[in-house]
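Notes follow once the structure below has been shown.
Below, read A as the first sequence line, B as the second, and so on, with proteins coming before strands; counting in each chain starts at 1.
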There are 2 protein chains.
Amino acid sequence: METRELRYFVAVAEELHFGRAAERLRIAQPPLSRAIQQLERRLGARLLERDSRGVRLTEAGRVLLREGRAALAGIEAAERRTRRAAAARPGLVLATKAGASSELLAKLLAAYAAEPDAVPVDVLLCGPGEQERVLRDGRADVALLHRPFDSTAGLDTEVLAEERQVVVLPAGHPLSGRRDVTTAEIAALPDLPLPRWPDLDGGYPDGPGPQVRDSVQLMQLIALGRACAIVPESARTHLHEQHATVTVSDAPTVTTVIAWPPQSRSPALAHLVRTALGV
Amino acid sequence: METRELRYFVAVAEELHFGRAAERLRIAQPPLSRAIQQLERRLGARLLERDSRGVRLTEAGRVLLREGRAALAGIEAAERRTRRAAAARPGLVLATKAGASSELLAKLLAAYAAEPDAVPVDVLLCGPGEQERVLRDGRADVALLHRPFDSTAGLDTEVLAEERQVVVLPAGHPLSGRRDVTTAEIAALPDLPLPRWPDLDGGYPDGPGPQVRDSVQLMQLIALGRACAIVPESARTHLHEQHATVTVSDAPTVTTVIAWPPQSRSPALAHLVRTALGV
DNA sequence: GGCGGCCATACCGTGCGGGTATCGACCCTG
DNA sequence: CAGGGTCGATACCCGCACGGTATGGCCGCC
């Protein structure tokens, strides 16, 4: 199977429309139809059900869409990593969620930079859930992830830190004097709803709570008494005097891990991971 | 990057010889030279150092060899899984090491087969270290692995069982009456050396100890008083009265896990894993 | 110095990927 | 029910890129 065929199939499977897929691929529709037919013939499997009502995926098509996307990401990763290995300054790219674990990250970067024969490390700031993708497609070599929020499926990891979560409240809120609170108590504050974050596609889920796009917005809303938020306790460094924090007793602990794609253990990467474990 | 180019590069990188690689690919040598040059141009990276002394990999070439192999395996996996999903009887393929965890496996298969809407499960017996590969390239959907012997890097896993290891001795051996022994004591038995297993490429490592190819051979050698072996305690079911076993106190415990490629969680696979956790 | 091994270059044919035009099936809609 | 619109498939043509053969250039070796 050639990557061209796979790209074509993925485009059609995503659009469920030959014309639009062809446009996206910048080719005409007939060659696309032929390519898909040829792919189906070669695989000996029907991938798409076409009739007058449109195009639908068969079971085999769903499998190929899932597996094919992963395979294409693997190809792109190979390409990008090769380019980077050949670059004049072949450093490491570390992906991290914007704003999270900033203290740990700073310590890690400082410790690693102080090591003998450390390579330059670029930091790539990602939106939520984006890290796994940039790691898989070769834009990054290593990432800081936060379980249980980020999935570490298919990655090699080492645990760097564990921490409790705290609720961020407006300063002076009645609960702010407490030693700890429960998620049920937080949910029972109708005037301080938890915010809604955008999906991967940019839309917002339904429900109450203000829509926020970044943590600056969120912190402002909290200071204004319009929302509250549950965050790892290390995020306290971003707060100021208009905020109060209280430990949430029954929220899951957050584990910060350093993660990298399996079997891509270059010497520099191994060195960085070793340093991270010593911090 | 097209898979054709990648296959060509991997062939040259493995052979380190354009002529032999071309032969392996069943094309003439000049088109192969051209294809590699074109790939290097497109990547903007020198992959191979050619001079009169032969062909060597550059750093970028090493990266592309490693990543490219994985990417090609991903493509093949997508292809195989699609074919299987389209097959008349789309079942699951479970890979396991020949002879290991047979009891657990039997229970798992029975329990799953008894479930409502279970799909057929084929068992694929693998040599040591082979399971990870068949899982990656799509010949199997799920595998039973044994840590710390098998690597689970880049796979999703759930733990099914943990067990101690025992040493298998000829019946009547002086140590056979003991409650437990240490690895040091076993190593100090010069007339009962540990056997040598073949590498992935079929050769044997140097050293003392008889060469064995399967566990039947090994068990016979032990019964004859020519070897001993350290195995998980569940392997006791394969033994007969000519063998004795003693717990090895300082051998690592063996963890049997069920493993599958990440993000390939079909409903049937999820069902099988759920069943396995209940056994 | 001639020879052989090995990769690169030159040059040629052809098959395949892509383009345009058109068909055929189906669904609206007036 | 006729006519137009939508969408995928088919027919046909063209150009190029891939693969083949022949040969060159470089180097090491006998």
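- Using a cutoff of 4.0 Å between basic side-chain nitrogens and carboxylate oxygens, B/E14 and B/R24 are scored as salt-bridged.
- Atom CD of B/E2 and atom P of C/dC16 are 16 Å apart (whole Å).
- Salt bridge A/E49/A/R46: present, at least one basic N to carboxylate O contact under 4.0 Å.
- One interatomic measurement links the two molecules: CD1 of B/I27 to P of D/dG20, which rounds to 6 Å at whole-angstrom precision.
- One interatomic measurement links the two molecules: CG of A/L32 to C1' of D/dC7, which rounds to 12 Å at whole-angstrom precision.
- As a whole-Å value, the separation of A/L16 CG from D/dT6 P is 19 Å.
- For the pair B/S33 and C/dC7, the criterion of a side-chain N or O lying under 4.0 Å from OP1 or OP2 is not met.
- If you check D/dA11, D/dG19, C/dA8 against the side chain of A/P30, the one that comes closest is D/dA11.
- Proximity note for B/P31 (side chain, C-beta onward) versus D/dG8, D/dG20, D/dC18: the nearest is D/dG20.
- Regarding A/H17, its NE2 atom lies at a distance of 9 Å from the C1' atom of D/dG8, rounded to whole Å.
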Give the C-alpha distance, both sets of side-chain angles, the deciding distance and a yes or no for side-chain hydrogen bond (donor to acceptor under 3.5 Å, both in side chains) between B/E2 and A/T3. CA-CA 5 Å; B/E2 289 302 312; A/T3 62; 2.9 Å; yes
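- Regarding contacts with the backbone of C/dT20, every side-chain N or O of A/Q29 stays at 4.0 angstrom or more from both OP1 and OP2.
- With respect to the salt-bridge test (charged N to carboxylate O, under 4.0 angstrom), the residues A/E23 and A/R20 do not qualify.
- At a cut-off of 3.5 angstrom, the base of C/dA8 holds no donor-acceptor pair with the side chain of B/Q37.
- For D/dC7, neither phosphate oxygen OP1 nor OP2 lies less than 4.0 angstrom from any side-chain nitrogen or oxygen of A/R50.
- For the pair B/I36 CD1 and C/dT9 P, the interatomic distance rounds to 14 Å; values are reported in whole Å.
- OP1 or OP2 of D/dG19 lies within a sub-4.0 Å distance of a side-chain N or O belonging to B/R4.
- Contact check on A/R89 versus A/D122 returns a salt bridge, with a Lys/Arg side-chain nitrogen under 4.0 Å from an Asp/Glu carboxylate oxygen.
- For A/R34 and C/dG18, a side-chain-to-base donor-acceptor distance below 3.5 Å is present, hydrogens and geometry of angles not being considered.
- Summarising the geometry, the separation between CD on A/E23 and P on D/dT6 is reported as 14 Å, rounded to the nearest angstrom.
- Atom CG of B/L25 is separated from atom P of D/dG20 by 11 Å (rounded to the nearest Å).
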